[in-house]
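Input: a single structure, listed below in structure tokens.
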2 protein chains.
Amino acid sequence: MPDQPGKHRSIPLVRELVRTYQAFEQLSSQRIKQHGLTHPQFDVIATLGNTPGMSCRELSERTLITKGTLTGVLDRLLDKGLISRTVPEHDRRSLFVALTPAGEAVFDSAFPDVVSHCGEAFDHLDDASLNQHIAMLAALRAAIGQKLEPAE
Amino acid sequence: MPDQPGKHRSIPLVRELVRTYQAFEQLSSQRIKQHGLTHPQFDVIATLGNTPGMSCRELSERTLITKGTLTGVLDRLLDKGLISRTVPEHDRRSLFVALTPAGEAVFDSAFPDVVSHCGEAFDHLDDASLNQHIAMLAALRAAIGQKLEPAE
DNA sequence: TATTGTTATACTCTATAACTATA
DNA sequence: TATAGTTATAGAGTATAACAATA
């Protein structure tokens with residue numbers, strides 16, 4: 001029985017995507033760790049940076065960290081003094097999470113450092129290549145997004 | 001003081017890479033979980049698949065799981081009956097890890113399923129695009145690899 | 001009733017260092 | 001001495017379900 005036409009054509013792409021993703025994960029994790037943060041903690045700091053703050057619900061949606069897990073991550077960031085949790089007037093069920101000045105300081109140093117460290121790998125690319133790569137990744141992401149089971 | 005020329009040119013690429021990587025991670029994890037495996041467990045099964053087996057040391061190098069962690073991952077795969085650990089004659093310090101028939105059955109069903117599920121996202125691409133994407137990812141990976149601290 | 005977030009539970013992964021057995 | 005792997009330790013993330021407080 002012959003293969004369905006094109007059934008496994010994209011496997012080499014998947015393999016290459018996995019390898020690239022592992023390499024990038026390794027590179028970014030190394031650098032994040034140097035700032036005393038875990039990856040989820042960095043994600044939270046990066047999400048809160050340059051915002052006035054947000055609810056746990058919104059933070060959970062943006063970081064893809066489920067609410068039960070998020071409580072623990074926020075506990076540790078609170079211990080480090082990097083975030084504040086306050087009960088807003090208008091809805092006392094929710095919590096408003098924001099960076100403290102110390103948290104902002106960490107964001108200001110860690111975020112550009114991690115991003116630019118990772119970015120340095122690509123500095124040799126000219127603008128045209130850069131844009132081409134970005135367009136390609138965006139296309140891949142859009143294709144992946146369509147396969148993802150809807151959140152809710 | 002003006003920015004150094006080109007200092008942050010590649011940040012949009014990094015951002016897009018992060019997003020693509022998160023989407024892919026989500027997609028593959030969903031599918032891996034459906035086979036009753038964690039990501040590290042899947043990596044081990046995938047690494048052992050289509051090989052006669054290998055030492056813990058080699059498995060550790062290939063999966064990037066450190067030896068102390070690997071012991072625990074292998075323990076759980078052993079509990080599930082998916083691998084065997086045997087002491088080879090020629091060097092009784094080491095352990096030879098291989099898939100059991102049950103492990104091979106899991107490999108044969110899980111690995112193609114995960115890969116092709118992820119691959120389906122890209123089935124709409126023609127061969128030329130596919131090859132172009134692969135080449136770009138390989139270029140990105142090579143660039144990242146040069147920034148990674150040598151494992152030693 | 002529905003929503004927001006915490007707590008309880010249980011498990012997995014993670015790194016590190018000390019350790020055992022073998023070479 | 002060096003190498004292969006385990007164990008001990010401690011911490012962090014993960015999902016789930018039950019729960020409390022509020023809307």
Side-chain angles (χ1 to χ4, degrees), chain A residues 22 25-26 28-45 47 53-80 82-98 149 151-152, chain B residues 22 25-26 28-45 47 53-80 82-98 149 151-152:
Chain A
Q22 284 176 339
E25 161 67 18
Q26 217 186 331
S28 62
S29 286
Q30 275 179 2
R31 202 68 175 193
I32 287 170
K33 218 170 168 183
Q34 289 175 10
H35 291 274
L37 298 172
T38 65
H39 213 124
Q41 289 168 14
F42 179 79
D43 285 348
V44 167
I45 297 286
T47 304
M54 63 192 70
S55 67
C56 287
R57 187 187 57 65
E58 185 173 353
L59 195 51
S60 174
E61 284 168 4
R62 292 215 204 178
T63 56
L64 303 177
I65 299 172
T66 54
K67 62 180 181 179
T69 302
L70 188 59
T71 298
V73 175
L74 294 181
D75 284 345
R76 287 176 279 276
L77 288 173
L78 204 61
D79 288 345
K80 293 179 185 173
L82 302 183
I83 61 162
S84 61
R85 270 193 287 210
T86 55
V87 178
E89 294 285 318
H90 63 286
D91 183 347
R92 288 179 10 216
R93 289 173 304 184
S94 71
L95 282 175
F96 192 75
V97 183
E149 288 169 13
E152 126 191 47
Chain B
Q22 283 176 339
E25 161 67 16
Q26 215 184 332
S28 61
S29 286
Q30 274 179 3
R31 203 68 175 191
I32 287 171
K33 218 172 169 183
Q34 290 176 10
H35 291 274
L37 298 172
T38 65
H39 212 123
Q41 288 168 13
F42 179 80
D43 285 349
V44 167
I45 297 287
T47 304
M54 63 191 72
S55 68
C56 287
R57 188 188 56 67
E58 185 174 353
L59 195 50
S60 173
E61 283 169 4
R62 292 216 204 176
T63 58
L64 302 177
I65 299 172
T66 54
K67 61 179 182 178
T69 302
L70 187 59
T71 298
V73 175
L74 294 181
D75 284 345
R76 287 176 280 277
L77 289 173
L78 204 62
D79 288 345
K80 293 179 184 174
L82 303 183
I83 61 162
S84 62
R85 269 192 288 210
T86 54
V87 178
E89 294 285 318
H90 63 285
D91 184 346
R92 290 182 6 220
R93 288 173 304 184
S94 71
L95 282 174
F96 191 75
V97 183
E149 287 170 16
E152 126 194 42

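Within every chain, numbering begins at 1; the chains are lettered A, B, ... in the order of the sequence lines, protein sequences first and strands thereafter.
- Looking at L37(B) and K80(B), their side chains come closer than 4.5 Å, going by heavy atoms from C-beta outward.
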Next on the checklist: Quick one, V73(B) with T38(B), criterion side chain to side chain contact (heavy atoms under 4.5 Å, CB included). Give me CA distance, side-chain angles, the key distance, then yes/no.
Outcome noted: CA-CA 9 Å; V73(B) 175; T38(B) 65; 5.8 Å; no

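- Distance NE2 (H39(A)) to P (dC13(C)): 19 Å, rounded to an integer number of Å.
- To the nearest angstrom, P of dT16(D) lies 15 Å from CD1 of I65(A).
- Contact check for L82(A) versus V44(A): no side-chain heavy atoms found under the 4.5 Å cut-off.
- Rounded to a whole Å, the NE2 atom of H90(B) is 10 Å from the P atom of dA23(C).
- Contact annotation: T38(A) side-chain N/O to dG13(D) OP1/OP2 distance is under 4.0 Å.
- Here the NZ-CZ distance, from K33(B) to F42(B), works out to 15.5 Å after rounding to the nearest 0.5 Å.
- The side-chain heavy atoms of E25(A) and E25(B), taken from C-beta on, include no pair separated by under 4.5 Å.
- In this entry the distance linking CG of D43(A) with C1' of dT14(D) reads 14 Å, nearest Å.
- When the P atom of dT12(C) is taken as reference, atom CG of L78(B) falls 14 Å away, rounded to whole Å.
- Following rounding to the nearest Å, I32(B) (CD1) and dA15(D) (P) show an atom-to-atom distance of 14 Å.
- Under the 4.5 Å side-chain criterion, counting only non-hydrogen atoms from C-beta, L95(A) is in contact with V87(A).
- Using a 4.0 Å cut-off, some side-chain N or O of R76(B) falls inside it from OP1 or OP2 of dC13(C).
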Next on the checklist: Counting primed atoms plus P, OP1 and OP2 as sugar-phosphate and everything else as base, spell out the protein contacts along nucleotides 4-9 of chain D at 4.0 Å heavy-atom distance: B, S or - for each nucleotide, 5' to 3'.
Outcome noted: SBBB--

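- Rounding to whole angstrom units, CG of residue L37(B) and C1' of dC13(C) are separated by 15 Å.
- When the P atom of dG13(D) is taken as reference, atom CG of L64(A) falls 15 Å away, rounded to whole Å.
- Between T66(A) and dT14(D) there is no side-chain polar atom (N or O) within less than 4.0 angstrom of OP1 or OP2.
- In terms of position along DNA chain D, the nucleotide closest to V73(A) lies nearer the 5' end than the nucleotide closest to the other residue of the pair V73(A) and E89(A).
- The shortest heavy-atom contact between K67(A) and S60(A) is N-OG, 3.9 Å.
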